[in-house]
Amino acid sequence: MKYFDTLTEGVKEALENRGVDTEKLLYCLKCDMNGEGLYYDTYLVFDEKSLYSVSGYDRMVQEKKKYRTEFEFKEYAEYKMTELKELYVDRYRHTCRLMGKLEINGQEAKACISRFSSGFSEKTEQFSRRFNMTVKKEEIDDTPLAENSPYCPKCGQKYPDPNRKFCPYCVKRSSIFKRLMGLFGEYRAQVITIFALMVFSALLGVISPYFGTAFLYDRVLDAAGEFYGKILFAILMMAGFKLVAELFGLIYGIVFTKANCKVMHKLRTTVFAAMEKLSLPFFTSKQTGSLMTRVDRDAGEVSEMFANIMPSFVICTIKIVSMVLLMFMMSPILAVFVLAMTAFLMFSEIFFIKGQRRFWRGINLSNRKMNSNLNDSVNGHRVIKAFAREEQETERFGHNVNAVRSAEYAARSRGSSFEIMQNTVFSVGGALLTMFGYYLVVTGQIGLGELMLLISYFGMMADPMYFLIWAGDDISRCLDAASRIFEIMDSVPTVKPPQNPAVIGTDGLKGDISLKNVSFEYEAGVPVLKDMSLDIKAGQFYGIVGKTGAGKSTLINLISRLFDPTNGNITIDGINVRDIAFADLRKNIGIVSQETYIFMGTVADNIRYARPDATMEEVVEAAKNANAHDFILKLPDGYDTTIGSGGADLSGGERQRISIARALIQKPNILILDEATASMDTRTERKIQNAIDNLKKGRTVIAIAHRLSTLREADTLCVIENGEVKERGTHDELIRMKGKYFELYRLQAEALKTISMD
């Protein structure tokens, strides 16, 4: 028993006490209510004989610092499969009911097995479907369920995004950091060189003040010094150390920049490649800006971590440790004083940051409102102009700008006050250090040069200390960005390529398409296609009609395997589409949809997108067949005209014709037209229809159209309504049936008459 939930020991005991063999149970489902709507932890299980319901309360009991689940039993019910014939979900707005169809002594009845919140609907639908298949003794394939489980197999938590099998609860920040460092694995020599250069650079930064303070005052200017009077030597030493430090910094910068650029290039390309392998549901569930952020800004955050944060973190740590050790070697008393002042400043900074975060959140929220207002005004400028609401929008934007100003003023005022306090403490601390240091110099406990070096170190400790305080936030931000990137890289596509794809001959697929008991749901419990079966013969012109939302485009998406059916099978030439390699499937199926997209580039490049190796003659031929050749020649540079992203320079009909040419140049054995001529006038539509008629020979053509006149010559017409096939036949046969097709045809004919009269 693997799906969908796990029986607790208490529930298992309650079942066994009533004679249920828990080893033979097939599926388990946990709901949050019983049949009367009371909030119980309700477990539903079934074997090949009965459905069992156990209700009660799951309680967590602590025993020796460990927790175990204890079940408080309340209710039990059993339904024999000889009486319970079917389960189905009755959906309401916030809650649902699991209903059962009973047959007792020849009488039919209904029973509410359990109630549950709408969040349980997905599992309950799947559970009900498997129960019904068990009653009918049908074979159950749990492979899609295992592949598309919304729960992490490691921790059992539900994935935040069901379209990406990535569990953030199982990911530790330490593992993310290790994985980031692993990106430099192939650059080990450079990494070792970089680290050595960073250490030397940090140490030189700590040692260099020594020559301008302790060495100069105590050994060169002091008559008792071993280098007394050798000022030129002191200058050369200071210049030499400075030169060496600059040389190390230069080498470090060159080596690190090269390695970092290579790693970031590899990271960006890897993320993009991983994103491209994901299935269509991933892209439909994400905003474009969010996806671009993964490749651009998040990768930039990771680059910032390697380019600035990590090197600075290492250098600052080495500097602080080195300076502390040197200060204790020179004067433990002054070192303790410096550390005490530094600790006070550090803790005050931490306290300030915690309080300041509330103000930063206020700035962020007010900026988001202002940007949202600005976006509305820019995108909705036509509506604003149409209703003369310019003053109202200006006033609304002014309120949002005032909110931003107030939030920023509050944050900056607090920051300025803290900075004044901090500088005052730092100045007072420096003065006390100097006064006490002079006393030690006068009493002969330390040299003047050593005091100058200590004061210098006190000033030098401020910057690395503040960096280390803020580094935690910066590193957390970068690790969050890295985790989002790794989510993409670790995500598994919902539509997976076959491990052992079927061998397709050189002639490709013929186009015999068969759907058997196909059901599909975008959202659990809301079926779009319901147990649909149909056959499309090779070389046939198959028309699909129906109202908006009937499931026509979904059917096309399933045939081309942009989605996988929830239940049932789709075969082409007797081969399950799940067993056909994506490359073979896409090569043999050409799709022209109502929603066209034109890429940035020339017209010719857009037409040959499906076949980059197509010759210019083939491009022109495809354009002529799509009735696009004439308008293309009128463009400034003809086929070499560069058009903007999305085809902004073209009309809807022109974009559609380029899209048709792009599909035709592919020369597919199966051509799918999903409202391909919806954006065209009647004359252009007829010309393209004639071109499509010439292409029908030897091809399977599936066409979806609202204008029934374009499908009159179809070999077979299929009428879909509410995800089900209602009628099937030729145009004349369906007219004679006077059913759904006849009704649609009559309504369109009347509409055309009205238009012609006007």
Side-chain angles (χ1 to χ4, degrees), residues 129 133 138 141 144 495 509-522 526-580 585 588-594 668-676 692 696 698-706 708 710-745:
R129 190 173 291 122
M133 294 177 73
E138 296 178 355
D141 182 13
V495 180
L509 299 170
K510 294 179 180 179
D512 279 315
I513 303 172
S514 176
L515 282 76
K516 183 179 180 182
N517 301 326
V518 170
S519 299
F520 181 76
E521 302 170 350
Y522 290 106
V526 185
V528 179
L529 300 182
K530 306 171 186 175
D531 203 29
M532 181 179 290
S533 297
L534 55 86
D535 294 301
I536 303 172
K537 301 299 181 183
Q540 189 178 39
F541 179 21
Y542 200 92
I544 301 175
V545 299
K547 298 178 181 178
T548 301
K552 305 184 298 298
S553 297
T554 299
L555 178 61
I556 297 304
N557 290 335
L558 294 177
I559 292 174
S560 55
R561 210 186 167 212
L562 297 177
F563 294 88
D564 278 335
T566 308
N567 281 297
N569 293 308
I570 301 174
T571 61
I572 301 178
D573 296 349
I575 306 172
N576 194 314
V577 292
R578 293 176 184 267
D579 298 327
I580 303 175
L585 194 62
N588 285 275
I589 298 179
I591 302 177
V592 182
S593 65
Q594 184 176 0
N669 292 334
I670 302 170
L671 182 62
I672 297 175
L673 305 171
D674 186 1
E675 294 288 350
I692 292 174
K696 290 177 185 176
R699 285 189 175 88
T700 302
V701 178
I702 304 173
I704 296 175
H706 281 109
L708 303 183
T710 62
L711 301 177
R712 289 192 58 151
E713 302 302 322
D715 298 316
T716 303
L717 283 167
C718 174
V719 182
I720 297 178
E721 187 175 88
N722 296 326
E724 298 177 319
V725 176
K726 294 296 183 181
E727 295 173 359
R728 190 184 292 118
T730 64
H731 170 79
D732 294 335
E733 289 172 348
L734 294 177
I735 290 295
R736 287 194 296 269
M737 288 173 60
K738 293 189 176 181
K740 297 291 183 181
Y741 181 82
F742 175 77
E743 181 183 348
L744 291 172
Y745 188 81

Query raised in the report: Where is the tightest heavy-atom contact between Lys552 and Gly546, given as atom of each residue plus distance?
Result: NZ-O, 3.1 Å
Query raised in the report: Rounded to the nearest 0.5 Å, what separation is found between the OG atom of Ser533 and the CG atom of Asn517?
Result: 4.0 Å
Requested in this report: Show the numbers, then the answer: is there a side chain to side chain donor-acceptor pair (under 3.5 Å) between Asp531 and Ser519?
Outcome: CA-CA 5 Å; Asp531 203 29; Ser519 299; 4.8 Å; no
Report summary line: In terms of heavy-atom contacts, Pro565 and Val518 come closest through CB-CG1, 3.8 Å
**Report entry** Donor-acceptor contact present, side-chain Arg699 to main-chain Pro668, <3.5 Å
**Finding:** yes
Query raised in the report: Checking Glu727 side chain against Tyr741 main chain: does a donor-acceptor pair fall under 3.5 Å?
Result: yes
**Report entry** Candidate list Leu673, Ile536, Ile670, test side-chain contact (heavy atoms from CB on, under 4.5 Å), partner Val701, passing option
**Finding:** Leu673
Output side-chain donor-acceptor pairs under 3.5 Å for residues 567-575, partner residues at least two apart or in another chain, one line each.
from, atom 1, to, atom 2, distance (Å)
Asn569, OD1, Asn576, ND2, 3.3
Asp573, OD1, Gly511, N, 3.1
Asp573, OD1, Asp512, N, 3.0
Asp573, OD2, Lys510, N, 2.6

Query raised in the report: Has Lys740 got more than 12 heavy atoms of other residues, nucleotides or ligands less than 6.0 Å from its NZ?
Result: no
Query raised in the report: Is the backbone of Asp535 close enough, under 3.5 Å, to the side chain of Ser514 for a donor and an acceptor to pair up by distance?
Result: no
Query raised in the report: In Å and rounded to the nearest 0.5 Å, what is the OG1 to CZ distance from Thr716 to Phe541?
Result: 10.5 Å
Requested in this report: Going by the side-chain contact (heavy atoms from CB on, under 4.5 Å) test, name the single residue among His731, Glu733, Arg728 that passes it with Leu717.
Outcome: His731
Query - Approximate separation, where rounding is to 0.5 Å, of Leu555 CG and Ile720 CD1 - result: 5.0 Å
Requested in this report: Indicate the atoms forming the closest heavy-atom contact of Phe563 with Leu558, along with that distance.
Outcome: O-CD2, 3.6 Å
Query raised in the report: Who pairs with Tyr542 by ring pair (Phe, Tyr, Trp, His ring centres under 6.0 Å), at least two apart in sequence or on another chain?
Result: none
Report task. Report the distance from atom CG of Asn588 to atom CD1 of Ile580, rounding to the nearest 0.5 Å. Result -> 8.0 Å
Report task. Give, for atom CD1 of Ile556 and atom CD1 of Ile591, the distance between the pair rounded to the nearest 0.5 Å. Result -> 7.5 Å
**Report entry** Working for side-chain contact (heavy atoms from CB on, under 4.5 Å), residues Lys537 and Asp715
**Finding:** CA-CA 10 Å; Lys537 301 299 181 183; Asp715 298 316; over 6 Å; no
Query - salt bridge (Lys or Arg N to Asp or Glu O under 4.0 Å) involving Lys726 - partner list, sequence neighbours excluded - result: Glu724
Report summary line: One should read off an interatomic distance between Ile559 CD1 and Ile702 CD1, to the nearest 0.5 angstrom, of 4.0 Å
